[in-house]
Amino acid sequence: MLKKLLAALLFAPVMAFASAASPVQYQEGVHYEVIAEKATTKPEVLEFFSFYCGHCKAFEPFAQALDKNLPTGVSLTKHHVDFLRVAPPELQQSLAKAYVVAKNAGQGDRISNVIFDYLHNQRATFSSEQDIRNLLVVNDIPAMLFDSGMVNPAVVAEVATMKKSQDHYSEAKVLQGVPTLLVNGKYLVKFSGLSQQNFQQDLNAVVTYLLAKKD
């Protein structure tokens with residue numbers, strides 16, 4: 001199962017290490033790319049993703065596990081993009097808002113799994129924001145919470161920040177597909193350089209390494 005999942009996720013041949021327990025010297029160009037001269041002031045891990053993306057669905061369990069294993073004070077920030085051609089940008093932005101509403105209610109991971117399942121396993125579609133509302137309500141997000149959250153200025157502002165970040169990294173030729181994982185605004189994780197046999201362990205380790213890296 002894991003092998004099939006990784007085969008769907010990885011975009012290039014995988015470099016497998018003899019043992020994930022042995023020390024690994026992470027290398028620029030193999031395990032990560034440098035995408036900026038300066039790192040962010042505070043440590044951060046940022047994932048660009050889309051619920052419409054099959055690779056993102058495959059990566060989601062690893063992303064959720066990574067978030068739980070990050071150093072104290074660091075969490076995974078997820079930005080939903082709106083540039084996939086399978087749906088209008090406005091509908092993709094509605095999904096971004098719905099995710100933020102669920103996240104703010106402490107249900108981000110659970111609802112992410114629900115939406116991924118709906119689109120990829122059930123092969124259902126969204127035609128409108130009402131369709132998104134129906135799915136979340138039937139999955140125990142109160143209708144009043146959804147309705148108020150979707151027009152909440154803080155939620156709208158967070159989705160606007162997602163869009164601004166998407167545009168910035170797209171114009172910089174950093175964001176060219178999803179999922180994309182950035183560390184400290186300076187490093188892009190190369191999934192193809194991580195161990196297929198111990199992908200989660202290697203992912204956690206390279207992110208921790210990059211968070212602490214001082215150039």
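Residue indices begin at 1 and follow the sequence shown. Here the structure is a predicted model, which means the values were calculated and not measured.
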Exactly one candidate in Asp67, Leu210, Val189, Val74 meets side-chain contact (heavy atoms from CB on, under 4.5 Å) with Val45; the answer is Val74
[X] side chain to [Y] backbone, donor-acceptor under 3.5 Å:
X      : Y      : answer
His55  : Gly177 : no
Arg133 : Ala98  : no
Ser165 : Met162 : no
Gln176 : Lys173 : yes
Asp202 : Ser195 : yes
Asn152 : Ala154 : yes

Might you work through the side-chain hydrogen bond (donor to acceptor under 3.5 Å, both in side chains) test for Gln64 and Asn113, ending with a clear yes or no? CA-CA 10 Å; Gln64 292 184 13; Asn113 293 339; 3.1 Å; yes
Could [X] and [Y] be called an ion pair, given the rule that one side-chain N must be under 4.0 Å from one carboxylate O?
X      : Y      : value
Glu60  : Lys78  : yes
Glu158 : Lys103 : yes
Asp117 : Lys57  : no

State which residue, out of Tyr99, Tyr52, Phe116, Phe49, fulfils the ring pair (Phe, Tyr, Trp, His ring centres under 6.0 Å) condition with His80. Phe49
Using the rule given for ring-ring contact (aromatic ring centres under 6.0 Å, His included), can you reason through Phe59 versus Phe191, listing the C-alpha separation, both sets of side-chain angles and the distance that settles it, and then say yes or no? CA-CA 10 Å; Phe59 185 63; Phe191 299 127; 4.8 Å; yes
For Tyr118 and Phe126, I'd like to know if the aromatic rings sit close, meaning centre-to-centre distance below 6.0 Å. yes
Does the ring center of Phe62 lie less than 6.0 Å from the ring center of Phe199? yes
For the residue pair Ser50 and Val81, what are the closest heavy atoms and their distance? CB-CG2, 3.9 Å
Please give me the minimum heavy-atom distance between Ser127 and Leu91, naming the atom from each residue. C-CD2, 4.4 Å
Determine whether Asn184 and Glu44 satisfy the following criterion, side-chain hydrogen bond (donor to acceptor under 3.5 Å, both in side chains), listing intermediate values before the conclusion. CA-CA 5 Å; Asn184 291 350; Glu44 66 174 40; over 6 Å; no
Would a 4.5 Å heavy-atom cut-off, applied to side chains only, mark [X] and [Y] as touching?
X      : Y      : value
Lys190 : Val30  : no
Val86  : Gln92  : no
Tyr32  : Lys186 : no
Val207 : Leu211 : yes

Interatomic distance, CG@Leu95 vs CD1@Ile115, rounded to 0.5 Å, equals 5.5 Å
Determine, using the 4.5 Å side-chain heavy-atom cutoff (strictly less than), whether Val137 and Leu145 are members of one ILVMFWY cluster. no
Hydrophobic cluster identity match, Leu175 and Ile35, side-chain contacts under 4.5 Å: yes
Other residues, nucleotides, ligands: >12 heavy atoms within 6.0 Å of Gln122 CD: yes
